[in-house]
J.: 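Okay, here's the structure, questions in a sec.
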Amino acid sequence: MDYFLTEEQIMIRDLARKIAQEKILPVRAELDEREEFPWPIIQCLAEADLFGVYLPEEYGGCGGGCFELCLAVEELSRVCGGVAVSYAASALGAFPILLFGNAQQKERYLPEIAQGKKLAAFALTEANAGSDAGGIQTTARLEGDEYVLNGTKQWITNGGEAHIYTVIAMTDRSKGSRGASAFIVEKGTPGFSFGKKEKKMGIRSSATRELVFTDCRIPKENLLAKEGMGFMVAMKTLDNSRPGIGAQAVGIAQGALDEALDYARERVQFGKPISSFQAIQHMMADMATQIEAARALTYAAARYIDSGAKDVSKVSAMAKVFASDVAMNVTTQAVQILGGYGYMREYPVEKMMRDAKITQIYEGTNQIQRNVIALSLIKERAQKR
Ligand code: COS
């Protein structure tokens with residue numbers, strides 16, 4: 001398919017593909033096995049200017065948007081979902097600053113994120129507030145010129161590795177989700193510490209940790225937008241970043257199909273390559289068709305966001321839900337095509353299947369995405385009448 005990429009977009013895609021092939025492919029199994037954060041690769045992506053593809057030029061970025069970010073995420077994911085999410089989570093952490101930061105906050109934080117000198121992370125989830133994001137318990141109390149943060153965030157991607165954290169905390173619990181606010185917290189701030197690194201099923205080279213705030217004092221200038229806008233900041237951030245999960249899912253699925261095709265062409269049973277059997281051919285045809293549909297929807301969603309459209313929640317959720325379900329299905333089919341070999345760690349498809357699973361869960365479970373889509377449909381219909 002031709003998605004009519006500009007020269008710059010082709011350059012971004014090809015650069016990410018080259019780094020994925022040359023730097024990530026040789027080490028992905030080892031990173032997965034050792035659950036090791038890919039700092040040398042992060043360095044390489046930074047040197048290639050890939051951390052700034054979605055950021056404005058005035059802050060050291062390349063002037064692209066969600067679409068450019070998706071192109072890079074897809075290529076990295078095609079080889080390793082764990083490395084790709086370590087890269088993408090920095091954008092997730094940067095979106096609240098990009099979308100809601102004032103000029104000083106943007107000038108202070110975005111250039112270092114764009115250069116990949118510092119990673120960012122986004123902290124919303126807590127032990128008792130996952131799908132029910134409005135139920136967060138972490139508090140931020142204004143005392144003089146400082147906010148004092150207390151509470152614990154759970155399962156934060158890039159936790160411990162990132163330097164810049166955008167954190168959602170309650171400034172007025174009595175107001176429910178309207179009492180949440182968003183803050184920037186830097187690593188090294190007294191009272192801000194990290195829990196142990198989580199052991200995960202997939203995306204094992206990425207870092208997932210708790211963030212612990214114990215009377216952590218931050219300057220009041222680190223409030224993003226206004227008090228009470230934190231839930232909105234979080235929702236708009238997720239609206240912008242969910243097509244990135246779609247791109248991650250498309251990449252993982254494409255990587256699995258590539259492996260299945262190579263294997264099916266070489267594997268001989270009953271005297272013929274298994275690619276000559278219609279049962280295998282139909283599986284691969286369905287996999288390829290699903291991937292192309294997921295890619296088209298993801299690209300359309302990202303471009304719609306970049307167009308400046310206001311109500312992007314529905315299409316963003318659609319890209320995430322569809323592509324992640326495709327990734328789970330395609331990677332499972334790839335393991336099936338490789339048979340016993342597919343189940344072995346020696347072949348990459350078992351890792352791809354493990355990596356695919358999280359795309360149906362993080363940045364909002366697929367059940368929540370369906371709620372978002374359904375509520376938008378109902379609202380749109382009501383507005384038309
Ligand atoms: N953009 C702007 N505003 C939004 C919004 C969006 N996408 N979604 C909701 N809001 C606003 C609503 O308009 C409402 O505003 P008012 O208080 O002014 O009426 C407010 O936010 C609360 O909305 P709602 O009542 O729909 O919130 P709920 O508590 O029912 O939760 C869901 C809505 C479930 C969609 C939300 O909690 C969610 O997205 N959960 C998943 C969170 C998630 O993705 N977690 C993953 C971890 S982060 S990596």
Side-chain angles (χ1 to χ4, degrees), residues 66 73 84-86 88-96 99-100 120-138 152-159 162 165-182 198 200 203 206-211 224-246 248-249 301 304-305 308-321 324 357-380 382-383:
C66 289
V73 169
V85 74
S86 308
S90 193
L92 176 66
F95 274 131
L99 299 173
F100 293 94
F122 176 65
L124 170 65
T125 303
E126 298 180 4
N128 295 316
S131 293
D132 182 8
I136 56 168
Q137 300 285 312
T138 296
T152 302
K153 294 289 173 184
Q154 196 181 36
W155 298 331
I156 305 308
T157 307
N158 281 353
Y165 295 81
T166 42
V167 179
I168 312 296
M170 300 303 278
T171 37
D172 187 347
R173 267 192 185 157
S174 68
K175 290 187 180 158
S177 57
R178 287 185 184 183
S181 304
E198 301 289 350
K200 306 189 291 286
I203 55 162
S206 69
T208 310
R209 286 191 180 86
E210 268 183 357
L211 313 186
L224 279 164
K226 291 190 177 137
E227 271 196 25
M229 283 180 68
F231 193 77
M232 222 255 277
V233 171
M235 293 299 114
K236 293 260 181 224
T237 293
L238 292 167
D239 283 348
N240 273 263
S241 75
R242 281 176 181 153
I245 303 293
Q248 195 187 336
Y304 186 58
I305 291 170
K310 282 214 162 58
D311 201 356
V312 299
S313 307
K314 181 183 73 178
V315 74
S316 168
M318 282 175 165
K320 194 265 189 199
V321 76
S324 60
K357 184 62 207 169
I358 192 62
T359 63
Q360 293 180 309
I361 299 172
Y362 61 16
E363 291 200 25
T365 64
N366 279 7
Q367 286 68 31
I368 290 294
Q369 308 306 316
R370 290 183 168 92
N371 287 354
V372 170
I373 296 164
L375 288 174
S376 294
L377 289 175
I378 295 162
K379 199 168 109 191
E380 282 166 15
Q383 280 166 354

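Keep in mind that the numbers below use all heavy atoms, side chains included, and drop hydrogens, waters and symmetry copies. Order of appearance sets the numbers: ligands from 1, and atoms from 1 within every ligand.
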J.: For residues 230-239, which residue pairs pass the salt bridge (charged side-chain N to carboxylate O under 4.0 Å, His left out) check, not counting sequence neighbours?
T.: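 Sorted pair list comes back empty.
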J.: For residues 224-233, which residue pairs pass the salt bridge (charged side-chain N to carboxylate O under 4.0 Å, His left out) check, not counting sequence neighbours?
T.: none
J.: If the condition is ring pair (Phe, Tyr, Trp, His ring centres under 6.0 Å), which residues does Phe95 pass it with, not counting sequence neighbours?
T.: Tyr54
J.: Any side-chain heavy atom of Leu99 within less than 4.5 Å of one from Val233?
T.: no
J.: Can you confirm whether Ser86 sits close enough to Asn158 that some side-chain heavy atom of one is under 4.5 Å from a side-chain heavy atom of the other?
T.: yes
J.: Counting only heavy atoms and a distance below 4.0 Å, can you name the residues contacting ligand 1?
T.: Leu124, Thr125, Gly130, Ser131, Ala133, Ser177, Arg178, Phe231, Met232, Met235, Lys236, Leu238, Asp239, Arg242, Ser313, Glu363, Gly364, Ile368, Val372
J.: Regarding Ser241 and Glu363, is there a side-chain donor-to-acceptor distance under 3.5 Å anywhere?
T.: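 Yes, side-chain donor-acceptor contact under 3.5 Å.
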